[in-house]
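For reference, the structure discussed in these notes is given below.
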Amino acid sequence: MSDTQKTAHLADLKPGKSYKVLKIVGETNIKRRIIEMGLNPGTEVEIIRKAPLGDPIEVKTRGFLVSLRYNEAHNIIVEKE
Amino acid sequence: MKEITLAFAGQPNSGKTTIFNEITGARQHVGNWPGVTVEYKDGYKTIGDTTYKLVDLPGLYSMSANSYEEIVSRDFLIKEKVDIIVNIIDSSVLDRSLFLTTQLTEIGLPMVLVFNMDDIVQKNQTEIDYKRISESMNIPYIVTQGAKTKSWDKFYEIINEVYDNKEYYIPRHISFSGELETEITEMENSLKVKNPFQFTDKGNSTDTRHAHDIPGDIFVSKENNPIRLRWFIVRGFEGDKEAINMLQPNLISPKNLEAQIDIKRGHVTDVYGDSIDEIVTDDRYAFISGLINKFVSYSKTSNKVSITERIDNILLNKWLSIPFFAAIMYCAFYVAFNVGDFIAGYIDGWINGTDDFIGLVGYITESVPGALGELLGSGVVAGVGAVIVFLPYIACMFIVIAILEDSGYMARAAFVVDRAMHAFGLHGKSFVAMLLGFGCNIPAVMATRTMESRADRLITIFVIPLMSCSARLPIYTFFVAIFFEPKWRPLVLMSIYLIGILVAIIVGKICKGTMFDDKETPFVMEMPAYRWPTFKSTIIHTWDRTKQFIVRAGTIVAGCAILIWFISVYPSEDNSIVMMLGHWIEPIFKPIGLDWMAGVASIFGIGAKEVVVSALEVIAGAQGAGDAEAFIRSIYTPFQSYIFMMFCLMYWPCFATVITMKKEIGEWKYFLFSIIYPPLVAWVLCFIVWNIGKLFM
Ligand SMILES: Nc1nc2c(ncn2[C@@H]2O[C@H](COP(=O)(O)OP(=O)(O)OP(=O)(O)O)[C@@H](O)[C@H]2O)c(=O)[nH]1
Ligand SMILES: [Mg+2]
């Protein structure tokens, strides 16, 4: 990744704050699925919580809730500040 | 007489089936989680000389169609005869819902937008200018509130108007950014279509219904629908090979469209440095953001934490979510068993004042003369009656499942258990299917269609028969009532269900390890807002399912009861056909502690599981001079009855489930596995438990 100070993988972040999606990486099909659900670059996304066993992760975007597995959330690169 | 075909398309959980049911009076399954409908269903409504043929499609997030039920919808829209696409939109998540809309507009079929869930929009104090949004795409619209919609007059009015003036209502599609749009238009102009079709622009300056960009657009006349050429090209650019293959036969030139598109795709990617997928999706969302900014205003307070999130904070709390999950499941089953038990006891007592059917059976046997009386009494009434008394249990089970489905907890349960399921080769969505399986295995097998990975889907289908369906409940309740004290009954019942789940987990783990490679699969699942289950929908759902049980009791169970009665008294009661059959198969059942009677009953149960109980009632009735229960109590121990329950839990899915499994699995190899392993596992487990248990009993 370019600048590790400013960007982060969504999966590594803590609940409670909103971040802006920069880029989705990874396998085409899964990437498309994520983008089409509304998590395209520029969208605000917030981690709501992690499931009790750490995976999957519940996020909120565009006013609705969606759950993603850790790997998918890892492929979502967000702006930290 | 004209018939207008309306395809109900929209994203999952947007209310398509709710509206379909409202209009047609049908009672298709509605539930508050994405992926309830997995197969398309027709319904009709006739007004005057017009018949509206409504087709309720499974929900789809986008035309890319990632799972089987989405493919069903997509194919229907493109390949079947559709006059108007009715796009149901969840207005409370307007931007994401419109994503699909921007894709549907490209097809070029006339559309109508249904802005559903307006009640939620109003509650959130969001203001949406539906009119301007629809106008921007040249699509007429209505605003609805699902089942609470007061009148559908406007709906028919619009449909008629659109149907009679299709050329005015071809939706306006979006334009993509610079280079991509240029490439698409160039290609559109360069292709030579065999039977091109164009709408003539009847619009004039005084008519507000202006067919905006129709004249230039070329339609490929397919047998059923004219589909806009542009649709094929855009799909092609997005990497959809199937769309290109569909277009190719309709082209005079070029001969190899796929290769040409690949070159162009490469070109666009070079210019932007992004994949086409991303450009296309970005442009769609950019268009949508434009609409939202101009025509939607969110209330200041809409940012506050919603009720759904507050409930989730408790139910999905890090420490409490698993205890809550366990408690909810426990309560669900506890209620199903105990309320069922209470009502059953009440009905039983009310029918003839005794605890069982002996009175009625005896009465009929005596009052109708000859063999017919015996057939009716000891065969039909005893056999069917043995099953019908369990109706309350079955109804309660379905009520509980319906409430779970309608509340919105289904998706949460999948979320909580996904990680654990994953460890056993299953998936969060497997849980939803498995839970439905406690009602009936058939819809459970169908529900696996929403799973994107083939391996996940197959493994889930393999283990679904281990979920005790409601038709197996009579078997357990029958034995539990004979052999166990009331205070132990719920525990014994639960333990049987748990054994099924445990075995499912082990089977899943083994399959995942041996048959399929361990590839990561996505779990992108929307978590819908919580809703109160409505009384009406719960009752309708329960009744429809329970009715099937009654129908089976009157047909297959009655039929089997007659047959079994006949072979259990001829030629004579202590040398009957059933005993011969029984002694022939006894060697299989002896090692697991069961006798010939249990063996015969379980073999008849292959058709439908309830038959096991009715067969036992009839055979034991013949053996035990009319009092089947007393006879059964005298020949089995409680331990044996437990072994038999375990055996019935696992030994074979019922026949109807097997047919569904073949349809959904496809490949013979996997199908054969799915029906051969259960009896083996059932026998081996019962053998082990019986032989170990014997040492202590
Ligand atoms: N508040 C509210 N709830 C609605 C409305 N329309 C439907 N619902 C509820 O939304 C949920 C989903 O409804 P369905 O009709 O099953 O949705 P669907 O679009 O057929 O869903 P899939 O078959 O999964 O694609 C159910 O709980 C309905 O009761 C509405 O206008 N307002
Ligand atoms: Mg539906």
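First the proteins, then the strands, lettered A, B, ... as listed; each starts at 1.
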### Query
Heavy-atom distance under 4.5 Å to chain B: side chain of A:Asp55, backbone, both or neither?
both

### Query
At a heavy-atom separation under 4.5 Å, does B:Ser92 approach chain A through its side chain, its backbone, both, or neither?
neither

### Part of B:Gln11 within contact of chain A (heavy atom distance under 4.5 Å)
neither

## Note on the structure
So CD1 of A:Ile24 and OG of B:Ser275: to nearest 0.5 Å the spacing works out to 11.0 Å

### Task
Given side chain to side chain contact (heavy atoms under 4.5 Å, CB included), test A:Arg69 with B:His427 step by step and report yes or no.
CA-CA 11 Å; A:Arg69 276 194 177 157; B:His427 189 275; 3.3 Å; yes

### Task
Could you check if a side-chain atom of B:Asp282 sits within less than 4.5 angstrom of a side-chain atom of A:Pro41, using non-hydrogen atoms only?
yes

### Task
Could you check B:Ser64 against A:Glu36 for side-chain hydrogen bond (donor to acceptor under 3.5 Å, both in side chains), going step by step and ending with a plain yes or no?
CA-CA 9 Å; B:Ser64 312; A:Glu36 288 178 346; 2.7 Å; yes

## Note on the structure
Correct closest heavy-atom pair for B:Phe415 and A:Lys50 would be CZ-C, 4.2 Å

### Query
Would you call A:Lys60-B:Glu526 a salt bridge at under 4.0 Å N-O?
no

### Query
Just wondering, more than 12 heavy atoms not from A:Glu44 lying within 6.0 Å of its CD?
yes

#### Entry: chain B contact via A:Ile30 - which portion, at a heavy-atom distance below 4.5 Å
side chain

### Query
Charged N to carboxylate O under 4.0 angstrom, B:Glu238 versus A:Arg32?
no

### Query
For the candidates A:Arg49, A:Glu72, A:Glu27, which exhibits the highest count of non-hydrogen atom pairs separated by less than 4.5 Å from chain B?
A:Arg49

### Task
Can you establish whether the number of heavy atoms outside B:Phe295 located under 6.0 Å from its atom CZ is more than 12?
yes

### Task
Test the A:Arg62-B:Tyr285 pair against the cation-pi criterion, namely NZ or CZ under 6.0 angstrom from the six-membered ring centroid and within 45° of the ring axis.
yes

### Summary
d(A:Thr43 OG1, B:Asp95 CG) to nearest 0.5 Å is 8.5 Å

#### Entry: Among B:Val416, B:Thr281, B:Leu316, residue most engaged with chain A (heavy-atom pairs, under 4.5 Å)
B:Leu316

#### Entry: Pairs of heavy atoms under 4.5 Å with chain A: top-ranked of B:Ala529, B:Ala411, B:Ser321
B:Ser321

### Query
Under 4.5 Å between any side-chain heavy atoms of B:Arg284 and A:Ile35, yes or no?
no

### Task
Check whether A:Ile57 gets within reach of chain B through its side chain, its backbone, both or neither, counting any heavy atom under 4.5 Å.
backbone

### Closest contact, heavy atoms only, B:Val93 versus A:Gly63
CG1-O, 4.3 Å

### Task
Decide yes or no for B:Met527 and A:Val66: does some side-chain heavy atom of the first lie under 4.5 Å from some side-chain heavy atom of the second?
no

### Query
In terms of heavy-atom pairs under 4.5 Å with chain A, which of B:Ile292, B:Ile288, B:Leu320, B:Asn313 leads?
B:Asn313

### Query
Ion pair present between B:Asp277 and A:Lys31, side-chain N to carboxylate O less than 4.0 angstrom?
no

### Task
Examine B:Arg96 relative to A:Phe64 and say whether NZ or CZ is less than 6.0 Å from the centre of the six-membered ring and inside a 45° cone about the ring axis.
yes

## Note on the structure
Heaviest contributor of heavy-atom pairs below 4.5 Å to chain A, chosen from B:Asp312, B:Ile322, B:Leu100, is B:Asp312

## Note on the structure
Cut-off 4.5 Å, heavy atoms of chain A, and the answer for B:Tyr61 is side chain

### Minimal non-hydrogen separation, B:Asn66 against A:Asn29, with atom names
OD1-O, 4.5 Å

### Message
Run A:Lys23 and B:Glu278 through side chain to side chain contact (heavy atoms under 4.5 Å, CB included) and show every step you take.
### Response
CA-CA 10 Å; A:Lys23 194 167 177 49; B:Glu278 283 166 87; 3.8 Å; yes

